[in-house]
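Treat the numbers as computed from the prediction; the structure is a model and nothing was measured. Every heavy atom of this structure was used, including side-chain atoms; hydrogens, water molecules and symmetry mates were not. First listed ligand is number 1; within each ligand, the first listed atom is number 1.
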Amino acid sequence: MNEVRIIGTGSYVPTNRMTNDDLSQIVDTHDEWITSRTGIKERRISTGENTSDLARNAALQAIESAGITPEDIDLIIVNTITPDAFMPSTACMIQGAIGAHRAVCFDVSAACTGFIYGINIATQFLRTGQHQTALIIGAEVLSKVVDWNDRNTCVLFGDGAGASVLQGGSQKGILSIYVGSDGTKQELLQCPAVPVQNTYIPARANFSNAMTMNGNEVFKFAGRIIMESIEKVLQNTGYTLEDVAHIIPHQANVRIIEYAARKLGISPKRFYMNLDRYGNTSAASIPLALDEMVRENRIQDGDKVILVGFGGGLTWGAVLIEWNQNKK
Ligand code: COA
């Protein structure tokens, strides 16, 4: 079996910033409420770019940082709940756009846990040698599915993309993966697609495909599952939290992260956060944060890093990595 490691990262966000003050012009809200309840100060909102546009830019950066060419990639997985289209997959769109002619391409739907699921799937292929070099992207234009009249949700989300290149070989990287799902709690976070309507069934009046959420229940689930996922991903690895240099959580809410940190008995400072600048970008949030850390030289070869996510489905998961991007 091969080892699997991340050899490059990239990210991209739309240039348009929407501050909390901007939002207060749209719905009945204000900066103090949003900042104190969530930690979010601003988010990026697309003025026209779609999910595949953000994904392509993040992908090209990740490919450059990995020092490979698109022809080297033989697997592309895009994790998104806001694809441009039902068909083709966003992954196929990226393949066409970047010229990764050899790649097998598909999308994964696991909401905010998407990037963790993507790493999990790619790692299996790379370990067995069925594929050698995988491009994993988390990309969302959530502003397409946010209800801009609902102050409970529209203040939380933003648009963005992050990407990583994974490669199979002899150098260690992905040490442990833990993932889970619970479809009995699907109503807590939902975003409907098109309803059944055809020649027998007339179009439903008042149908909306906007996102809905039970904020309080999601909050409780998130705090608990971050703690559980971190404990599970460390289990039987020989490592403890003391050995971990960085935790990169899904960027949903500073209070969720503070709650999880308290439960784990560690400082919230050990969790990297950029949600103040981007809000919750769902599948993009973890790879976006990871790329930011890599570009700011916050992660050194040999560091143990945990990625931990949770989201609609419900879904959750964590990955323990020994960072060895630069090892030859
Ligand atoms: N601005 C001003 N007031 C707002 C508001 C906003 N944007 N959104 C809600 N409120 C109001 C509510 O109407 C309520 O008013 P009321 O007491 O008069 O009824 C009050 O603020 C408190 O609402 P509540 O929902 O109890 O707030 P909260 O402290 O639980 O925070 C969330 C709400 C959404 C921030 C919080 O539940 C949360 O973060 N949940 C997790 C969401 C999440 O991360 N989802 C994605 C997971 S992947």
Looking at every non-hydrogen atom in both residues, tell me the closest pair between [X] and [Y] and how far apart they are.
| X | Y | result |
| --- | --- | --- |
| A100 | Q95 | O-NE2, 3.0 Å |
| N209 | C191 | O-SG, 3.5 Å |
| I45 | F157 | CD1-O, 4.1 Å |
| K144 | P83 | NZ-O, 3.0 Å |
| T113 | G317 | CG2-N, 3.6 Å |

For ligand 1, which part of V155 has a heavy atom less than 4.0 Å away: the side chain, the backbone, both, or neither?
-> side chain
Any idea which part of I256 is under 4.0 Å from ligand 1, heavy-atom wise: side chain, backbone, both or neither?
-> side chain
Salt-bridge present (K269, E258; N to O < 4.0 Å) | no
Residues E292, R295: salt bridge by 4.0 Å N-O rule | no
Selected option - heavy-atom contact closest to atom 9 (C) of ligand 1, from N152, N280, T315, L156 = N152
Considering G311, G215, G309, which one's heavy-atom position lies nearest to atom 41 (C) of ligand 1?
-> G215
H246/Y272 under ring-ring contact (aromatic ring centres under 6.0 Å, His included): CA gap, chis, key distance, verdict | CA-CA 7 Å; H246 310 283; Y272 183 73; 8.4 Å; no
Element-labelled atoms of ligand 1 that are located less than 4.0 Å from some non-hydrogen atom of [X]:
| X | value |
| --- | --- |
| R37 | 22 (C), 27 (O), 28 (P), 29 (O) |
| H250 | 48 (S) |
| A252 | 44 (O) |
| T29 | 1 (N), 2 (C), 6 (C), 7 (N) |
| N253 | 35 (C), 38 (C), 39 (O) |

Do you see a donor-acceptor pair shorter than 3.5 Å between the side chains of S24 and H30?
-> no
Would E140 and S282 count as having a side-chain donor-acceptor pair, cut-off 3.5 Å?
-> yes
Should I7 and L166 count as side-chain neighbours, where that means a heavy-atom distance under 4.5 Å?
-> no
When you measure from [atom] to the protein, is at least one non-hydrogen atom found at a distance under 4.0 Å?
| atom | answer |
| --- | --- |
| atom 38 (C) of ligand 1 | yes |
| atom 1 (N) of ligand 1 | yes |
| atom 27 (O) of ligand 1 | yes |
| atom 18 (O) of ligand 1 | no |

Is there a nitrogen or oxygen of H30 sitting under 3.5 Å from a nitrogen or oxygen of ligand 1?
-> no
In terms of residue, atom name and distance, what is the protein heavy atom nearest to [atom]?
| atom | value |
| --- | --- |
| atom 21 (O) of ligand 1 | W33 NE1, 3.2 Å |
| atom 36 (C) of ligand 1 | F219 CD1, 4.1 Å |
| atom 30 (O) of ligand 1 | N216 OD1, 2.8 Å |
| atom 14 (C) of ligand 1 | R151 NH2, 4.7 Å |

4.0 Å heavy-atom contact, C112 with ligand 1 | yes
